[in-house]
Q: 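Before I ask anything, here is the structure I am working with.
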Amino acid sequence: MLRIAVPNKGMLSEPAWNMLAEAGYRLRTNPRQLVVQDPDNEIELFYLRPLDIAVYVGSGTIDVGITGEDLLKNSGTKALEHMPLGFGASTFRFAAPNESPISRLEDIEGKRVATTFDKLVHDYLTEHGISAETIHLDGAVESSVQLGVADLIADVVSTGTTLRNAGLRIFADPLMHSEACLIRSPRLDEKDPRLTVLTRRLQGVLTAHQYVLMDYDIPVDKVAAAVAVTPGFESPTISPLHDKQWNAVRVMVPKKKVNQLMDDLYEVGARGIIVTALQASRM
């Protein structure tokens with residue numbers, strides 16, 4: 001069986017569970033359940049702490065896992081990034097008190113930096129020739145400056161509201177941009193058929209999230225113009241209608257461009273334009 005680790009809590013947990021469910025895998029039915037057997041799909045699902053997943057994949061007996069790129073990089077393990085998953089986007093930034101003179105990367109020299117990601121921060125500062133003390137905290141690092149533990153912090157930032165409420169301001173370039181990813185064990189061959197099936201299923205879910213199915217009718221003499229607007233993947237499906245002067249077209253289009261494409265098709269001469277959501281796909 002393929003052993004898969006997913007976060008048991010945190011911002012990546014629910015999107016990861018939903019993606020696996022949409023890919024046809026069995027999830028737990030009890031929040032206290034830490035292991036799920038799915039013999040139909042030949043997998044074992046392990047619910048682990050987000051910070052530990054890369055360690056179990058890199059050094060333990062877990063084959064693949066879903067975690068953040070930042071968590072993978074901070075783990076220092078030999079786990080390998082296999083594919084991005086398109087959710088959980090975040091930015092890792094430095095922040096200092098509003099009244100602090102610290103405003104540039106160089107100002108961190110000799111300072112104390114509180115963070116949950118101490119290896120990531122240490123490696124980044126070393127790479128830029130800066131010597132500073134990293135203070136490891138398991139959470140709520142934004143309180144560390146006020147409580148005298150650190151001079152500044154390095155943390156994951158989405159909107160920045162939490163930092164502003166704590167009297168902190170962001171400075172310098174981001175340390176990294178991160179998103180959720182599928183990681184694999186160095187012991188698992190990239191071409192392992194079990195991994196191939198999992199990858200194909202997850203990619204199918206990603207495609208279903210990013211595309212929709214569009215149907216429309218178009219006069220026969222305007223098919224070429226319509227296809228230029230909606231070329232699809234390989235090619236649209238074009239079928240004759242009862243009225244021989246019209247064809248029906250079915251094509252996959254990017255979800256974020258739906259309204260613009262509908263407008264463009266209408267201008268070309270398309271009518272009866274409808275859009276249907278995709279549940280799954282194999283491309």
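Nothing fancy with the numbering, it's 1 onward along the sequence. No hydrogens, no waters, no symmetry mates; every other heavy atom, side chains included, goes into these values.
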Q: Any chance you could measure I43, atom CD1, to D38, atom CG, to the nearest 0.5 Å?
A: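 With rounding to 0.5 Å, CD1 (I43) is 4.5 Å from CG (D38).
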Q: For a side chain to side chain contact (heavy atoms under 4.5 Å, CB included) check, start with the C-alpha distance between V36 and Y25, then their side-chain angles and the critical distance, and finish with the verdict.
A: CA-CA 10 Å; V36 175; Y25 295 107; over 6 Å; no
Q: What distance separates D52 CG from T77 OG1, expressed to the nearest 0.5 Å?
A: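 Result: 11.0 Å between the selected atoms.
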Q: Walk me through it: do L198 and R200 pass the test side chain to side chain contact (heavy atoms under 4.5 Å, CB included)?
A: CA-CA 5 Å; L198 174 63; R200 189 183 300 126; over 6 Å; no
Q: What is the minimum heavy-atom distance between E179 and G86, and which atoms define it?
A: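 Closest pair (atom of E179, atom of G86, distance): OE1-N, 2.8 Å.
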Q: Is it true that the side chains of N18 and E22 contain a donor and an acceptor less than 3.5 Å apart?
A: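 No donor-acceptor contact under 3.5 Å links the two side chains.
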Q: Cation over ring, R28 on W17, under 6.0 Å and within 45°?
A: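 Yes, cation above the ring, under 6.0 Å and within 45°.
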Q: Should L105 and D173 count as side-chain neighbours, where that means a heavy-atom distance under 4.5 Å?
A: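 Heavy-atom side-chain distance check fails, nothing below 4.5 Å.
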Q: Evaluate the side-chain proximity of P174 to F92: yes if any heavy-atom separation is below 4.5 Å, no if none is.
A: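 Not in contact.
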Q: Is it true that, when you exclude K9 itself, more than 12 heavy atoms of the residues, nucleotides or ligands shown sit nearer than 6.0 Å to its NZ?
A: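 At most 12 heavy atoms, drawn from other residues, nucleotides or ligands, come within 6.0 Å of this atom.
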Q: To the nearest 0.5 Å, what is the distance between CG on D107 and CG on L152?
A: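 If we round to the nearest 0.5 Å, D107:CG and L152:CG are 9.5 Å apart.
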Q: Between S178 and D70, do the side chains contain a donor N or O and an acceptor N or O under 3.5 Å apart?
A: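 A donor-acceptor contact under 3.5 Å links the two side chains.
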Q: Check whether R201 reaches the backbone of T196 with its side chain - one donor and one acceptor, N or O, closer than 3.5 Å.
A: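 Absent.
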Q: Under a single-linkage definition using a 4.5 Å side-chain heavy-atom cutoff for Ile, Leu, Val, Met, Phe, Trp and Tyr, are L12 and V6 assigned to the same hydrophobic cluster?
A: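 Yes.
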Q: Just do the side chain to side chain contact (heavy atoms under 4.5 Å, CB included) check on L206 and M83 with the steps written out, would you?
A: CA-CA 11 Å; L206 287 174; M83 67 178 288; 3.9 Å; yes
Q: Treating Ile, Leu, Val, Met, Phe, Trp and Tyr as nodes and any side-chain heavy-atom pair under 4.5 angstrom as an edge, say whether V157 and L175 lie in one connected cluster.
A: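 Not linked; separate clusters.
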Q: In Å and rounded to the nearest 0.5 Å, what is the CZ to OH distance from F117 to Y124?
A: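 One gets 15.5 Å once the value is rounded to the nearest 0.5 Å.
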Q: So, does T116 use its side chain to make a donor-acceptor pair with the main chain of L137 at under 3.5 Å?
A: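 Yes; judged by distance alone, with no hydrogens or angles, the pair exists.
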Q: Distance from R194 atom CZ to N41 atom CG, nearest 0.5 Å?
A: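 Atom-to-atom, R194:CZ and N41:CG are 13.5 Å apart.
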Q: Report yes or no: does E42 contribute a side-chain atom to a donor-acceptor pair with the main-chain N or O of M1 at less than 3.5 Å?
A: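 A pair under 3.5 Å: no.
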Q: From the options V251, N247, I218, select the one residue that forms a side-chain contact (heavy atoms from CB on, under 4.5 Å) with I238.
A: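 Going through the options one by one, the only one that passes is N247.
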Q: Scan the side chains in residues 220-236 for donor-acceptor partners under 3.5 Å anywhere in the protein, sequence neighbours excluded, and list what turns up.
A:
from : atom 1 : to   : atom 2 : distance (Å)
T230 : OG1    : Y216 : OH     : 2.8
T230 : OG1    : A226 : O      : 3.2

Q: Indicate yes or no: does R3 engage D63 in a salt bridge with an N to O separation below 4.0 Å.
A: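 No.
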Q: Where the side chain of T207 meets the backbone of Q203, is there a donor-acceptor pair that is under 3.5 Å apart?
A: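 Looks like yes, one N/O pair under 3.5 Å.
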Q: Are M176 and I153 connected in the hydrophobic side-chain network, where two residues link if heavy atoms are under 4.5 Å apart?
A: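 Shared cluster, no.
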Q: Treating S281 as the side-chain partner and G204 as the backbone partner, does any N or O pair qualify as donor plus acceptor under 3.5 Å?
A: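 A pair under 3.5 Å: yes.
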Q: I'd like to know if the side chain of E109 reaches the main chain of S131, judged simply by a donor and an acceptor atom lying under 3.5 Å from each other, with no hydrogens or angles considered.
A: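 Yes; at least one donor-acceptor contact below 3.5 Å.
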Q: So which atom in I102 and which in D151 form the shortest heavy-atom distance, rounded to 0.1 Å?
A: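 Closest heavy-atom pair between I102 and D151: CD1-O, 4.1 Å.
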Q: Check the side chains of T91 and R93 for a donor-acceptor pair under 3.5 angstrom, ignoring hydrogens and angles.
A: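 R93 vs T91: no donor-acceptor pair found between side chains.
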Q: Is any side-chain heavy atom of R271 closer than 4.5 Å to a side-chain heavy atom of P219?
A: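 R271 does not reach P219 side chain to side chain.
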Q: Taking C-beta and beyond as the side chain, do F94 and I170 meet within less than 4.5 Å on heavy atoms?
A: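 F94 vs I170: side chains apart.
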Q: Considering all heavy atoms of both residues, which atom of P50 and which atom of P7 are nearest to each other, and what is their separation?
A: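 Result for this residue pair: CG-CB, 3.9 Å.
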Q: Between L202 and L85, is the side chain to side chain contact (heavy atoms under 4.5 Å, CB included) condition met? List the steps.
A: CA-CA 8 Å; L202 295 181; L85 296 177; 4.2 Å; yes
Q: Can you confirm whether Q210 is buried at CD, in the sense that more than 12 heavy atoms of other residues, nucleotides or ligands lie under 6.0 Å from that atom?
A: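 Count over threshold, so yes.
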Q: Which atom names give the shortest non-hydrogen contact between A79 and I183, and what distance separates them?
A: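 Minimum heavy-atom separation between A79 and I183: CB-CD1, 4.1 Å.
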Q: Over all heavy atoms of both residues, which pair between G65 and I53 is shortest? Give the atoms and the distance, please.
A: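 The pair with the smallest heavy-atom distance is CA-CG2, 4.1 Å.
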Q: What I'd like to find out is whether the side chain of L168 reaches to under 4.5 Å of the side chain of E142, using heavy atoms alone.
A: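 Side chain of L168 against side chain of E142, heavy atoms only: contact under 4.5 Å found.
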Q: For T115 and A154, indicate whether the former's side chain and the latter's backbone hold a donor-acceptor pair under 3.5 Å.
A: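 Confirmed, T115 side chain pairs with A154 backbone.
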Q: At what distance, to the nearest 0.5 angstrom, does OG of S103 lie from CD of E106?
A: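 S103 OG to E106 CD: 9.0 Å, rounded to 0.5 Å.
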Q: So which heavy atom on M252 is nearest to which on L278, and how close?
A: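 Looking at all heavy atoms of both residues, the closest pair is CE-CD1, 3.6 Å.
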Q: Taking the cut-offs as 6.0 angstrom to the six-membered ring centre and 45 degrees off its axis, would you call R104 and F171 a cation-pi pair?
A: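 The answer is no; the distance or angle limit is not met.
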Q: Any side-chain heavy atom of L20 sitting closer than 4.5 Å to one from R26?
A: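 Contact flag for L20/R26 side chains = no.
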Q: Indicate whether the side chain of H82 and that of T199 have a donor and an acceptor atom separated by less than 3.5 Å.
A: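 Result is yes, a qualifying pair exists.
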Q: I'd like to know if L71 and L182 are part of one continuous hydrophobic network [Ile/Leu/Val/Met/Phe/Trp/Tyr, side-chain heavy atoms within less than 4.5 Å].
A: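 As far as the 4.5 Å side-chain criterion goes, L71 and L182 are not connected within one cluster.
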Q: Any carboxylate oxygen within less than 4.0 angstrom of a Lys/Arg side-chain nitrogen, looking at D215 and R250?
A: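 Between R250 and D215 there is a salt bridge, with a charged N closer than 4.0 Å to a carboxylate O.
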Q: Do L48 and N8 have side chains that approach each other closer than 4.5 Å (heavy atoms only, starting at C-beta)?
A: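 They are not in contact (no side-chain heavy atoms under 4.5 Å apart), so the answer is no.
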Q: Just so I know, are the side chains of M214 and L265 near enough to count as touching, which here means a heavy-atom distance under 4.5 Å?
A: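 Heavy-atom side-chain distance check passes, below 4.5 Å.
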Q: Under 3.5 Å, is there a donor-acceptor pair between the side chain of S59 and the main chain of Y56?
A: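 No, the answer is negative, given that no donor and acceptor are paired below the 3.5 Å cut-off.
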Q: Kindly say whether L188 contributes a backbone atom to a donor-acceptor pair with the side chain of R184 at under 3.5 angstrom?
A: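 Pair found, side chain donor or acceptor close to backbone of L188.
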Q: When you look at CD of Q146, are more than 12 heavy atoms from neighbouring residues, nucleotides or ligands closer to it than 6.0 Å?
A: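 Incorrect, the count does not exceed 12.
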Q: Treating E133 as the side-chain partner and R112 as the backbone partner, does any N or O pair qualify as donor plus acceptor under 3.5 Å?
A: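 No, because the side chain of E133 does not come within donor-acceptor range (under 3.5 Å) of the backbone of R112.
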Q: Identify whether L2 and L80 are in the same connected component of the hydrophobic contact network (ILVMFWY, side-chain heavy atoms under 4.5 Å).
A: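 Looking at the clustering, L80 is in a separate group from L2.
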